[in-house]
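A quick write-up on the structure given underneath.
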Amino acid sequence: MTSDSQKPILFVGALTEDSIFRVSGFSSGSGKFIAERATRNAAGMASSAATAAARIGGKATLWASVGDDASGKELIKDLQSEGVDCGLVRTVIGGKSARAIIIVDETGERWIVVDYDPVTQSSPEGLPTNDFSQFKAVMCDVRWPGAAALALDAARDAGAMAILDADVAPRDVLLDLAKRATHLIASEPGASLLCDRKSSPENAVTALNDRYGVVVCVTAGGDGTYWCPAQGGPVRHVAGPKVEVVDTLAAGDIFHGAIAQALCEGQPLEDAIRFASSAAALKCTVFGGRLGAPGRAETIKLMEETYHG
């Protein structure tokens with residue numbers, strides 16, 4: 001029997017083929033641009049988070065959906081090379097694998113256009129396994145909501161953490177998934193959607209904790225993370241490490257994978273946020289989205305320098 005500390009995390013959601021281009025001056029307006037750098041890799045919110053967990057020493061399993069095309073096979077192969085267990089990835093006959101075109105400018109900001117095939121992303125008929133007791137936690141993004149709803153419910157029923165990456169999505173999707181989670185980790189825009197108004201991170205944390213009574217974290221980019229435990233209380237803040245930003249693509253996904261792994265290791269919530277913030281910051285120093293996910297030693301080093309130096 002697998003001990004509790006050795007249980008994997010199940011990541012549920014997006015798996016896409018990302019074509020990433022580094023283009024200076026892109027935000028200046030329309031025109032023709034020549035990429036300074038380019039790369040293509042398997043990514044997506046849940047898949048990038050799974051990579052982060054694997055690189056820092058965790059066991060990551062992915063439940064995602066691809067088409068029965070050449071791209072789908074390559075996406076799975078790419079993530080398997082990172083140590084991510086893709087045995088639960090669904091292949092849809094006649095479906096197309098998701099793809100994204102991403103521009104990263106000289107400041108590290110990005111523009112993302114994603115093409116999801118509704119056939120490939122259709123809701124699953126059921127869970128990929130009947131034994132959710134094998135997982136220490138389930139981390140779901142909002143890109144495959146039918147699967148996320150099933151997985152979050154199954155996690156709670158099995159006594160596992162049910163963690164939601166509450167990013168921008170239709171509000172009805174966010175509201176449905178948020179009520180199923182034990183941990184809400186929202187981007188600032190995602191939190192405002194859940195609150196149905198533009199809210200400061202501090203106000204959003206309070207409002208969401210009052211509504212759901214769960215752990216709430218709201219990430220605010222370079223301004224760090226605002227949070228409170230499930231029992232509520234004053235909103236607390238963890239500043240992000242200061243780094244030279246090259247590419248912010250997938251920084252939030254790396255944060256989610258790292259915090260899920262830290263929580264599964266039993267780290268206190270504030271330490272887990274510091275750990276995840278350090279991983280996300282290191283990612284921002286590397287071009288290539290998911291490819292910038294750091295290893296464990298460098299993450300711990302930055303965390304100690306930032307918060308204990």
Side-chain angles (χ1 to χ4, degrees), residues 8-20 39-55 58-102 110 112-129 135 137-152 155 163-169 173 177 249-258 260-261 283 288-293:
I9 303 169
L10 178 65
F11 293 88
V12 181
L15 175 52
T16 66
E17 180 185 85
D18 281 12
S19 295
I20 311 168
T39 187
R40 185 173 65 181
N41 59 74
M45 295 163 67
S47 301
S48 297
T51 297
R55 287 194 180 183
K59 293 184 177 180
T61 299
L62 179 67
W63 185 27
S65 191
V66 297
D68 63 339
D69 48 17
S71 176
K73 295 180 178 67
E74 288 301 315
L75 293 174
I76 291 171
K77 183 179 178 181
D78 197 357
L79 286 182
Q80 286 175 329
S81 72
E82 294 281 5
V84 176
D85 181 351
C86 294
L88 300 183
V89 174
R90 181 182 76 164
T91 298
V92 178
I93 304 301
K96 296 186 300 180
S97 298
R99 57 182 180 173
I101 302 295
I102 300 158
R110 73 281 190 273
I112 305 172
V113 180
V114 186
D115 176 23
Y116 287 112
D117 177 15
V119 174
T120 304
Q121 295 303 120
S122 61
S123 295
E125 294 181 359
L127 292 165
T129 174
F135 303 117
V138 172
M139 163 71 78
C140 297
D141 70 31
V142 292
R143 298 293 175 250
W144 195 18
L150 292 173
L152 291 169
I163 308 170
L164 177 64
D165 176 355
D167 201 3
V168 174
V173 169
L177 296 180
L249 179 64
D253 307 330
I254 302 310
F255 181 97
H256 284 84
Q261 179 59 30
K283 189 262 93 55
R290 174 186 70 81
L291 299 181

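All values reported here derive from a predicted model rather than from experimental measurement.
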May I ask you to decide if [Y]'s main-chain N or O and [X]'s side chain share a donor-acceptor pair within less than 3.5 Å?
| X | Y | answer |
| --- | --- | --- |
| S47 | G44 | no |
| W144 | L15 | no |
| S65 | T120 | yes |
| S48 | R290 | no |
| D69 | S97 | yes |
| T16 | R99 | no |
| D18 | R40 | no |

Problem set entry | Side-chain heavy-atom pair D253, D165 within 4.5 angstrom cut-off |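 The answer is yes, as the side chains (C-beta and beyond) meet within the 4.5 Å cut-off.
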Problem set entry | side chain to side chain contact (heavy atoms under 4.5 Å, CB included) partner of R143, chosen from D167, V12, V114 |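 Going through D167, V12, V114 one by one, the side chain to side chain contact (heavy atoms under 4.5 Å, CB included) with R143 is satisfied by D167 alone.
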Problem set entry | Lys/Arg N to Asp/Glu carboxylate O, K96 vs D68, below 4.0 Å |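 The answer is no: the pair does not qualify as a salt bridge.
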Exercise. Of the non-hydrogen atoms in G289 and I20, which two are nearest, and what is the gap between them?
Worked result: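 The pair with the smallest heavy-atom distance is N-CD1, 4.0 Å.
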Exercise. Stepwise, does the side-chain contact (heavy atoms from CB on, under 4.5 Å) test hold for W63 with L10?
Worked result: CA-CA 7 Å; W63 185 27; L10 178 65; 4.0 Å; yes
